[in-house]
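Just so we're on the same page: letters track the sequence lines, and every chain starts at 1. Keep in mind that this is a model prediction, so the values were computed, not measured. Only heavy atoms go into these numbers, but all of them, side chains included; no hydrogens, no water, no symmetry mates.
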Number of protein chains: 2
Amino acid sequence: MKLNTKSRYAVMALADMSKFPLNNPVSLRDISLRQSISLLYLEQIFFRLKKNDIVKSVRGTNGGYVLKRDPKNIKLSEIFKALDQRVKTVGCKKESKKGCNGKSAKCITHELWDELEIYINNFFENKKLSDLLSTEERIN
Amino acid sequence: MKLNTKSRYAVMALADMSKFPLNNPVSLRDISLRQSISLLYLEQIFFRLKKNDIVKSVRGTNGGYVLKRDPKNIKLSEIFKALDQRVKTVGCKKESKKGCNGKSAKCITHELWDELEIYINNFFENKKLSDLLSTEERIN
DNA sequence: AAATACTTGACTATTTTAGTCGGGTATATA
DNA sequence: TATATACCCGACTAAAATAGTCAAGTATTT
């Protein structure tokens, strides 16, 4: 069970942006250098963040990305959703509605995975981007 | 973020076993048929469960596996541990001790992943095999 | 003896992940 | 208005992880 780099980098990059004045565009190039994340990969990530209304872009010289909302109002769950990251128990659920292929035995653990999914989503639902920021400021 | 089949099947198989009289060996062949899991794959899984003292084996005709403890005393966290399944944030932590490669900026999110890891492990730590069983019995 | 069932390492196909490439378009500034 | 900067975005690929199989056993019961 592991987190992929896409969502991990997304959170890192957005946390990085949050440290700067909010309406000031931050270029991916700068984030790339500061966070040691490939620029090309960041572009891919921000394409999705933009599509999901988390950031907006400013083109041209001195352009970059700007957070669409205050970090206080950006839940980590939104970021994960933007990158198609969710908890999956795999199998079991997708192929059927109720009894998992009709074989009732197959679903002994069905409720468990549902519960886990809700539990984890809950973690991200209750975390804001601003929560990371204050942690960071405490450290430095 | 997803659960792998190994730990998923392990939980399913053990829950299946729990439904039978405890000192009665249950053969992998039967579990395989009931839960639609490949026998060869189950063998691999039970090899690890055995090494981790969760089940013991009874060889020969009418043999099979037996739970080493009462399902009330088997935590899901043990099962996951037996299969090397754990939450990983990947990168960030392994390569360094404190400042993540010395670049302090790289670790804006470090504490977050630690917290998540603890949070999820907590879920499994508080679930017993017997919890699944009663759920199952409620359903059927 | 024969059948059943566990033992265990090695192997392989498939899928997923991480990350790159390429060929754009838009905008600010000199 | 030329040029550099920075976003745009689909397609691609190498590497790693996962899922599952194979093979060649050994132990026990009936």
List for me each residue that meets side-chain contact (heavy atoms from CB on, under 4.5 Å) alongside B:Lys75, sequence neighbours excluded, and say none if there are none.
-> B:Ser77, B:Glu78, B:Glu125, B:Lys128
Taking atom C1' of C:dT16 as reference, at what distance in whole Å does atom CE of B:Met1 sit?
-> 16 Å
Close N/O contacts between protein and nucleotides 1-6 of chain D (under 3.5 Å):
residue	atom	partner	partner atom	Å
D:dA6	O4'	A:Gly60	O	3.4

Could you tell me the separation between the CD1 atom of B:Ile45 and the P atom of D:dT18, rounded to a whole number of Å?
-> 13 Å
Give a yes or no answer on whether the side chain of B:Thr109 reaches the backbone of B:Leu112 with a donor-acceptor pair at less than 3.5 Å.
-> no
Residues joined to A:Phe47 in its hydrophobic cluster, side chain to side chain under 4.5 Å directly or through other members, sorted by chain and number, are none
All side-chain contact (heavy atoms from CB on, under 4.5 Å) counterparts of B:Ser18, not counting sequence neighbours = B:Leu67, B:Pro71, B:Leu129, B:Leu133
Ignoring backbone atoms, test whether B:Thr5 places a side-chain nitrogen or oxygen under 4.0 Å from the OP1 or OP2 oxygen of D:dT18.
-> no
Does C:dA18 have OP1 or OP2 sitting under 4.0 Å from an N or O in the side chain of A:Tyr9?
-> no
Using a heavy-atom distance cut-off of less than 4.0 Å, which residues of residues 47-56 of chain A contact DNA chain D?
-> A:Phe47, A:Lys50
Residue list, side-chain contact (heavy atoms from CB on, under 4.5 Å) with B:Phe20, at least two apart or on another chain | B:Asp16, B:Val26, B:Arg34
From CG of B:Leu42 across to P of C:dA5 the rounded distance in Å is 14 Å
By salt bridge (Lys or Arg N to Asp or Glu O under 4.0 Å), B:Asp53 pairs with (sequence neighbours left out) B:Lys68
Tell me who clusters with B:Leu40, hydrophobic residues only, linked when side chains sit under 4.5 Å apart either directly or through other members.
-> none
Could you please name the option among C:dT17, C:dC6, D:dA19 that lies closest to any side-chain atom of B:Ser57?
-> C:dC6
Heavy atoms only: give me the nearest B:Ser32-B:Ser38 pair and the separation to one decimal.
-> OG-C, 4.2 Å
To the nearest Å, give me how far apart OH (A:Tyr41) and P (D:dC8) are.
-> 19 Å
Anything under 3.5 Å between a protein N or O and an N or O of nucleotides 11-16 of chain D, put it in a table, one pair a line.
none

Any ring-ring contact (aromatic ring centres under 6.0 Å, His included) pairs touching residues 60-89 of chain A, not counting sequence neighbours?
-> A:Phe46-A:Tyr65, A:Phe80-A:Phe124
Does A:Val58 sit in a hydrophobic cluster with other residues, and if so which ones, taking ILVMFWY side chains as linked at heavy-atom separations under 4.5 Å, directly or through other members?
-> A:Val66
Listed partners of A:Asn122 passing side-chain contact (heavy atoms from CB on, under 4.5 Å), at least two apart | A:Asn126, B:Tyr119
A:Glu43 side-chain proximity, nearest of C:dT20, D:dC8, D:dT21 | D:dC8
